[in-house]
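Okay, so here's the structure we're looking at.
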Amino acid sequence: MSRCALLLTSSSTVPETHQPNSRKPTPETLENTLLYTFKSPFELKQIHAQIIKTNTPTSALRPSHVASVCALTPSFPYARKIIQLTANHETDIWNSCLKDFSESDSPNDAVRLFNRLCTYGVCLNAFTLTFLIKACTKLSDGLGGRIVHGFIEKLGFQSNLFLQNSLVHLYVVSGEVDNARQLFDKMPDRDVVTWNIMIKHLVKRGDVDEAYGLFATMPERNVRSWTSMIMGFVRGGRPKDAIELFTRMEEERLCPNEVTVVAVLAACADLCALDLGKKIHEFSNRSGFKRNVRVCNTLLDMYIKCGCLEAACGVFEEMENRTVVSWSAMIQGLATNGKGEEALTLFSKMIQSQIKPNEVTFIGLLHACSHMGMVNAGREYFASMSRDYGIVPQIEHYGCMVDLLSRAGLLKEAREFIKNMHIKPNGVVWGTLLGGCRVHKNIELAEEAIKHLLELDPLNDGYYIVLSNIYAEAKRWEDAARVRKLMRENGVKKTPGSSSISVNSVVHEFVAGDETHPQTEAIQERWEELLEEMRIKGYVPNTSVVLLDIEESEKVRFLFRHSEKLAIVFGLISTANGTPIRVMKNLRVCEDCHAALKLISEIVDREIVVRDRNRFHCFKNGACSCKDFW
DNA sequence: CTAGGGTTAG
């Protein structure tokens with residue numbers, strides 16, 4: 001007890017009480033001798049001299065401290081002698097020193113120490129090598145890996161699973177895939193850790209199917225295996241598979257940990273699966289994960305992406321420690337929900353709280369300005385990011401600026417901005433300008449934008465469709481048809497619209513025209529009923545959004561089977577009256593659906609939240625939160 | 001005393 005307290009207050013100079021004195025060291029003063037904190041070999045030698053003078057046993061020096069102070073200095077041999085005199089196992093002392101170095105900010109120190117141990121012929125054991133591998137892993141040092149590999153062979157540790165696994169991991173991390181594979185294939189024994197390392201590796205490479213193949217066939221699975229695979233599906237853009245896997249994990253009665261929770265929440269966020277997300281939130285609180293910042297940040301993100309700003313605020317308020325990620329997520333959330341002013345206020349609070357913004361923070365801020373048409377504020381933030389915070393604008397920031405300007409109708413300025421960019425504009429940048437051209441009906445600039453887009457991103461169907469719509473709205477039917485023909489000639493297919501809705505933690509996915517759902521008939525029936533009431537309220541199908549050369553009546557049939565309509569009607573018949581409906585769509589909501597959903601929200605008196613590619617639409621009492629501008 | 005997941009945007 002007293003030792004700790006004293007250690008904290010001791011200064012770097014030798015304390016008064018350690019001056020030579022007449023008292024013979026008693027166990028108590030001997031204990032005090034251990035308080036000596038020396039910061040250099042020089043100080044150590046002074047103290048050592050005193051110890052000898054006062055006849056104090058050398059064991060009064062803590063060998064691990066001696067080791068860490070002298071390890072990388074010319075006094076290594078001197079330190080080694082003291083350690084050999086005072087410690088039972090010299091190797092243990094150096095190992096713990098290696099461990100500390102490998103976990104420090106300069107893991108290279110561990111490598112340097114290891115070289116010394118070899119030079120001076122210090123006896124090594126398996127632990128020595130694991131710490132060395134740890135350092136190499138931190139440094140992504142594959143060459144180091146091959147050297148350690150040699151030591152493992154030389155010292156006869158081929159059957160040490162810890163070492164083999166660490167080495168496979170090191171090879172994987174440093175990109176030496178062939179070496180990793182070879183070692184993996186040669187390993188006499190493998191355990192669940194070995195398999196988990198390989199799964200992780202395959203997931204990182206993007207081979208989710210191959211990873212799942214391994215996962216399905218590996219002899220033993222633990223929570224980490226399941227978590228890695230769930231995460232793999234999320235990263236691979238397959239959140240539905242992620243959630244299904246999580247359900248199976250629960251059936252096997254395995255208990256999720258913090259990381260599992262992060263993975264599943266990310267899947268919920270991607271699918272707008274609020275019901276499951278809420279359950280995970282409760283589970284997380286019950287399990288005491290509340291203090292984990294990453295869990296909280298993912299929770300924030302989940303609520304924001306499900307369109308539940310209030311819930312997100314609740315989590316944010318309760319958080320003990322907020323990082324730049326927490327603040328940035330909230331700013332972004334407010335921005336995409338049409339609360340730009342609040343987003344900017346939150347940014348000021350963040351600065352007041354001494355949190356340094358990063359590049360993501362500014363994307364949120366620029367979004368906020370762009371959704372509110374605050375052109376000057378946006379310009380100022382853009383200038384400020386590099387001037388005040390030293391953040392170099394990335395292509396995404398330029399994209400935000402083009403969005404800000406072109407949404408506000410400053411199309412010429414937006415084009416000038418693109419011309420003056422310090423980076424080569426990409427498809428997103430020109431596509432953003434194209435979007436602005438549609439809103440503000442500028443055909444000339446749209447044609448310029450599409451020229452660049454046909455070069456930069458010729459397979460992206462979205463741009464053809466926007467241009468075709470621009471022509472159609474100007475009643476230039478032949479031009480519209482020409483664009484569609486070009487699209488066919490270039491072999492570009494329209495991405496099928498698809499919407500998903502989560503009911504009782506099961507995600508239901510609908511693609512346009514879907515008739516595969518078990519409840520298709522009931523959905524159709526309810527839709528017909530709604531259609532009647534909508535017509536009374538003046539609904540007329542807007543077939544101009546159907547870009548197909550077909551009969552008008554056929555167009556209507558297509559229109560009525562847009563995926564968001566199917567998903568929402570399914571939601572209506574499978575949830576209790578008054579329950580809000582949340583649907584997520586892979587593309588932008590079409591104008592006809594937008595008009596229809598406004599009416600439906602009024603007819604059924606429910607809140608309908610649709611998250612589309614860009615933003616949220618919250619339909620309530622016949623109106624949408626986007627105020628018809630999107 | 002040793003090995004294997006995680007957060008914001010695009």
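Letters go in sequence order (proteins before strands), and every chain restarts at 1. No experiment lies behind these values; they were computed from the predicted model shown.
Regarding the sugar-base torsion, B/dG5 falls in the syn class, its angle being within 90° of 0.
Across all strands, A/T130 comes closer than 4.0 Å to base atoms (heavy-atom distances). Residue A/K305 is in sugar-phosphate contact alone, with no base atom involved, counting any heavy-atom pair closer than 4.0 Å across all strands shown.
Considering only residues two or more places apart in sequence or on other chains, A/F347 meets the ring pair (Phe, Tyr, Trp, His ring centres under 6.0 Å) condition with A/F362, A/Y381. Every residue meeting the ring pair (Phe, Tyr, Trp, His ring centres under 6.0 Å) condition with A/F417, not counting sequence neighbours, appears here in chain and number order: A/F382, A/Y398. Evaluation of the ring pair (Phe, Tyr, Trp, His ring centres under 6.0 Å) rule for A/H281 yields A/Y303 as partners, not counting sequence neighbours. Not counting sequence neighbours, A/F101 has no partner by the ring pair (Phe, Tyr, Trp, His ring centres under 6.0 Å) test.
Looking at residues 281-301 of chain A, you'll see A/N292, A/R294, A/V295, A/N297, A/T298, A/D301 sit with a heavy atom under 4.0 Å from some atom of DNA chain B. For residues 320-330 of chain A, proximity to DNA chain B is found at A/V325, A/S328, defined as any non-hydrogen atom under 4.0 angstrom from a strand atom. Scanning residues 131-150 of chain A for heavy-atom distances under 4.0 Å to DNA chain B yields A/F131, A/K134. Near DNA chain B, meaning a heavy atom under 4.0 Å from it, residues 176-193 of chain A has A/D191, A/V192, A/V193 in order of number. Listed by residue number, A/N257, A/E258, A/V259 are the residues of residues 236-260 of chain A with a heavy-atom contact under 4.0 Å to DNA chain B.
When DNA chain B is scanned 5' to 3' for any atom under 4.0 Å from a heavy atom of chain A, the first and last hits are B/dC1 to B/dG10.
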Under 3.5 Å, which donor-acceptor pairs do the side chains of residues 143-153 of chain A form with other protein atoms, sequence neighbours left out?
unit_1, atom_1, unit_2, atom_2, d
A/R146, NH1, A/E176, OE1, 2.5
A/R146, NH1, A/E176, OE2, 2.9
A/H149, ND1, A/Y171, OH, 2.9

Under 3.5 Å, which donor-acceptor pairs do the side chains of residues 252-263 of chain A form with other protein atoms, sequence neighbours left out?
unit_1, atom_1, unit_2, atom_2, d
A/N257, OD1, A/V259, N, 3.0
A/N257, OD1, A/T260, N, 2.9
A/N257, OD1, A/T260, OG1, 2.8
A/T260, OG1, A/T227, OG1, 2.9
A/T260, OG1, A/N257, N, 3.0

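Salt bridge present: A/E103 and A/K99 bring a charged side-chain N and a carboxylate O closer than 4.0 Å. With respect to A/K240 and A/E244, a salt bridge is recorded, a charged nitrogen being found less than 4.0 Å from a carboxylate O. Ion pair A/K138/A/D105 not flagged as a salt bridge, since none of the NZ, NE, NH1 or NH2 atoms sits closer than 4.0 Å to an Asp/Glu carboxylate oxygen. Salt bridge A/R112/A/D109: present, at least one basic N to carboxylate O contact under 4.0 Å.
In this structure, a donor-acceptor pair under 3.5 Å is present between the side chains of A/D191 and A/N165. Residues A/E359 and A/H397 have side chains that never bring a donor and an acceptor to within less than 3.5 angstrom of each other. At a cut-off of 3.5 Å, with distance as the only test, no side-chain donor of A/N196 or A/S228 sits close to an acceptor on the other residue.
Below 30°, between 30° and 60°, or above 60°: for A/W430 and A/H452 the angle between ring planes is below 30°, a parallel geometry.
Between A/W226 and A/F215 there is a side-chain heavy-atom pair separated by less than 4.5 Å.
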